[in-house]
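What you see is a predicted model, and the numbers here were worked out from it, not measured in a lab. As the structure lists them, so they are numbered: ligands from 1, and atoms in each ligand from 1. The chain is numbered in sequence order, starting from 1.
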Amino acid sequence: MPTVEADALESFARTALVEAGAPADAAGAVASSLVDADLAGHTSHGVVRVPWYVEGVATGDVDPDAEPSVESAGPFAQVVGGAAFGQLVGRRAVETLVETTRDRGVAAVGIRDSGHLGRIGEWAERVAGEGLLFASWVNLQGGAQRIAPHGSADRRLGTNPLTFAVPAFGALPFDPVYDGATSQVAHGKVIERDGSGERLPEAWTVTDSGAPVEHAAGFEAGEGALLPLGGRETGYKGFGLATMAELFAAVVGGGPVATEPDQAWRGNGAAFLAVDPAAFTTPEAVAGKVEALAEHVRSADPIDGEGGGALGDDRILLPGEKEHETRRRRLDEGIPVTETVAGDLRDLAAEQGTEASLPEPIR
Ligand code: NAD
């Protein structure tokens, strides 16, 4: 697949967002977050979203000039997105969280009415990069329902991601980050297969008859639901986690929970929590624990062809390692852009009547 240099892709995305009416700073922040998701290997949350964001501005769902507002009291704050881009809301929430945790040792920041917060791992990495522990519970504010409760094929909850990060203080070349939807896969991974004609993996979805949804187009047309994490047999675990994320995000963020079946996009709500490990221990001790655990986990024998698998070899991977390695490779080799995504971006530039042409593939 042709690959495109990260900087060139970011510049293309920024131009499209400015053309849609975003001020240069806001467009720069959004473009940088989208390309960061592409670099981390989460192309479902990368520049593929640019046409969707541009449409959001056109329909008035996103106000490109809006700034999130912050209401705070002691170690607690709520960030209200209004119609601002989620990437601005995420930045504001992280700034507030880090500043308050530095002062108080612990902080909780709720988010409501945010635009799409994108890859939640970005916010986790930023907080861990400041030497703080991070946990978050994110919901879809009652919209974009894709997950069925365990034992059903009716869509009732968003893909409500759970995300955690621990600073490694140099023990590893990355901070361990767990960041995943509470469905078998993020909805973005289904969207990515739309139009490909490829069958969806059977473990991802369920319909009323118990059979899986065959194709992404069927799922997008409303057929079946995503199975909660754990799948057909132990999906009650993912369903439980999705329910808790729904409630944590709504209670701390102050936004709504799912009540009526609803496929429309209603934005993200969230609960972000940070803890300064210095309240309990030293950075050296944290690094020692991370290193010892990493060594122990990696000493497990990989099963031939199955191990970590994710990077094309059998290495055992820690949470966040795949994203770290993928970023390292893609900074060097470029970001793979499928013909479908390239076509959508070219169409957008043509519709906007800009001179911006999709950067030349580097391979
Ligand atoms: P995923 O399944 O690709 O990864 C989940 C976690 O597993 C990651 O921490 C990753 O490092 C780890 N991992 C992956 N492969 C591994 C392996 N072989 N060995 C060890 N660890 C491994 O993630 P997902 O559930 O498809 O979610 C993708 C993205 O979608 C996330 O960034 C999430 O934040 C985002 N998302 C956003 C929203 C939203 O509304 N903003 C909703 C849902 C998901």
Answer yes when [X] and [Y] have at least one side-chain N-carboxylate O distance shorter than 4.0 Å, and no when they do not.
X: Glu333; Y: Arg328; value: no
X: Arg102; Y: Glu130; value: yes
X: Arg298; Y: Glu321; value: yes
X: Glu19; Y: Arg14; value: no

Discussion item. Tell me whether Asp179 reaches ligand 1 (any heavy atom closer than 4.0 angstrom to a ligand atom).
Written reply: yes
Discussion item. I'd like the name of whichever of Ala181, Gly118, Ala37 reaches closest to atom 37 (C) of ligand 1 through any heavy atom.
Written reply: Gly118
Discussion item. Give the atom numbers and elements of ligand 1 that come within less than 4.0 Å of a heavy atom of Asn268.
Written reply: 39 (C), 40 (O), 41 (N)
Worksheet item: Which atoms from ligand 1 have a heavy atom of Gly320 less than 4.0 Å away?
Response: 11 (O)
Flag [X] as yes when one of its N or O atoms lies below 3.5 Å from any N or O atom of ligand 1, and as no otherwise.
X: Glu321; result: no
X: Trp265; result: no
X: Leu140; result: no
X: Gly121; result: no
X: Asn160; result: no
X: Ile120; result: yes

Practice prompt. Kindly say whether the aromatic ring centers of Phe134 and Phe272 come within a distance under 6.0 Å.
Written response: yes
Discussion item. Before we go on, tell me: are the rings of Phe239 and His150 under 6.0 Å apart, centre to centre?
Written reply: no
With heavy atoms under 4.0 Å as the rule, classify the contact between [X] and ligand 1 as side chain, backbone, both or neither.
X: Glu323; result: side chain
X: Val177; result: backbone
X: Lys322; result: side chain

Worksheet item: Heavy atoms, side chains only, cut-off 4.5 Å: are Asn268 and Leu140 in contact?
Response: yes
Worksheet item: Do Val252 and Trp137 come within less than 4.5 Å of each other through their side chains, counting heavy atoms only?
Response: no
Worksheet item: For Gln263, which of Gln145, Arg155, Glu220 qualifies under side chain to side chain donor-acceptor pair (under 3.5 Å)?
Response: Arg155
